[in-house]
Novice: 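Sharing a structure below in structure tokens format, with a few things to ask.
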Amino acid sequence: MPEGGLRLWLTMIVIGVGTFMLRFSFIWLFGRGKVRPEIEQLLKFVPAAVLAALALPAFVFSSETFSYANPRLLAGLIAAIVAWRSRNVLLTISAGMGALWLMTNL
């Protein structure tokens, strides 16, 4: 096997083991004992923070630059307003996707 292929497989194995150990450590930590209520309260915000960190760049940046005329940003703002007012996931997704479709196709 060429050295590049071996390096690729080794990298994938190391990343896989690292990911497993990171996830397993939390399962082990929460399974072994009590977590302080302050820590547990803070961990409730982790999913929202991760989702925001993953989704926000797609809304804000268009071609590596910030633009107020970005249809994704405007559709995301519309979806955020619908989510805030309705608290309905299906309506939020529909409003955001509908707004994005209208702005890009009309």
Side-chain angles (χ1 to χ4, degrees):
M1 183 181 313
E3 185 176 319
L6 180 62
R7 185 177 301 155
L8 176 65
W9 278 104
L10 187 59
T11 302
M12 288 178 12
I13 290 169
V14 167
I15 290 172
V17 168
T19 300
F20 172 79
M21 293 303 293
L22 182 65
R23 293 177 185 208
F24 179 75
S25 68
F26 281 102
I27 292 169
W28 181 77
L29 174 70
F30 285 110
R32 288 195 50 99
K34 285 279 204 179
V35 177
R36 291 188 355 209
E38 301 87 21
I39 302 295
E40 198 169 325
Q41 182 70 21
L42 288 174
L43 288 174
K44 290 181 180 179
F45 297 107
V46 170
V50 169
L51 180 61
L54 291 173
L56 193 64
F59 291 126
V60 176
F61 294 105
S62 175
S63 303
E64 301 297 324
T65 59
F66 178 78
S67 171
Y68 288 109
N70 182 356
R72 290 181 181 178
L73 177 61
L74 298 174
L77 288 174
I78 290 170
I81 291 169
V82 170
W84 173 55
R85 300 296 292 165
S86 72
R87 306 255 188 229
N88 185 326
V89 175
L90 188 57
L91 185 60
T92 300
I93 293 170
S94 300
M97 292 302 292
L100 182 62
W101 184 84
L102 284 173
M103 285 185 258
T104 56
N105 291 318
L106 297 180

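Position 1 is the first residue of the sequence, and the numbers go up from there. No experiment lies behind these values; they were computed from the predicted model shown. Heavy atoms only: backbone and side chains are in, while hydrogens, waters and symmetry mates are out.
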Novice: Run the side-chain contact (heavy atoms from CB on, under 4.5 Å) test against Ala75 and tell me which residues pass, sequence neighbours left out.
Specialist: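 Expected list: Ala99, Leu100, Met103.
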Novice: For Trp84, check side-chain contact (heavy atoms from CB on, under 4.5 Å) against everything at least two apart and list the hits.
Specialist: none
Novice: Could you tell me the separation between the CG atom of Leu10 and the CD1 atom of Ile15, rounded to the nearest 0.5 Å?
Specialist: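 Going from the CG atom of Leu10 to the CD1 atom of Ile15 covers 10.0 Å.
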Novice: Just to verify, what does Leu102 make a side-chain contact (heavy atoms from CB on, under 4.5 Å) with, not counting sequence neighbours?
Specialist: Leu106
Novice: Looking only at heavy atoms, what is the nearest atom pair of Ile78 and Ala95, with distance?
Specialist: CG2-O, 4.4 Å
Novice: Suppose clustering is done on Ile, Leu, Val, Met, Phe, Trp and Tyr with side-chain heavy atoms closer than 4.5 Å. Which residues sit in the same group as Val89?
Specialist: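 So far as hydrophobic clustering goes, Val89 is joined with Ile93, Met97.
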Novice: So, for Ala52 and Pro57, which heavy atoms are closest and what is the spacing to 0.1 Å?
Specialist: O-CD, 4.3 Å
Novice: I'd like to know if Phe20 and Ile13 are part of one continuous hydrophobic network [Ile/Leu/Val/Met/Phe/Trp/Tyr, side-chain heavy atoms within less than 4.5 Å].
Specialist: yes
Novice: Looking at side-chain heavy atoms only, is the closest gap between Leu74 and Asn70 below 4.5 Å?
Specialist: no
Novice: In chain order, what residues pass the salt bridge (charged side-chain N to carboxylate O under 4.0 Å, His left out) check against Arg36, with sequence neighbours excluded?
Specialist: Glu38
Novice: Decide if atom CG of Leu90 counts as having more than 12 heavy atoms of other residues, nucleotides or ligands within a radius under 6.0 Å.
Specialist: no
Novice: Looking at every heavy atom in both Ser86 and Thr92, which two are closest together, and how far apart are they?
Specialist: OG-OG1, 4.2 Å
Novice: Can you tell me how far CZ of Phe26 sits from CE of Met21, rounded to the nearest 0.5 angstrom?
Specialist: 12.5 Å
Novice: Identify, with sequence neighbours excluded, every residue that meets side-chain contact (heavy atoms from CB on, under 4.5 Å) alongside Ile81.
Specialist: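 side-chain contact (heavy atoms from CB on, under 4.5 Å) check on Ile81 returns Arg85.
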Novice: Under a single-linkage definition using a 4.5 Å side-chain heavy-atom cutoff for Ile, Leu, Val, Met, Phe, Trp and Tyr, are Val17 and Leu8 assigned to the same hydrophobic cluster?
Specialist: no
Novice: Nearest 0.5 Å, what's the CG-CG distance between Leu73 and Leu77?
Specialist: 4.5 Å
Novice: Please answer: with hydrophobic residues joined when any side-chain heavy atoms are less than 4.5 Å apart, are Phe45 and Leu54 in the same cluster?
Specialist: no
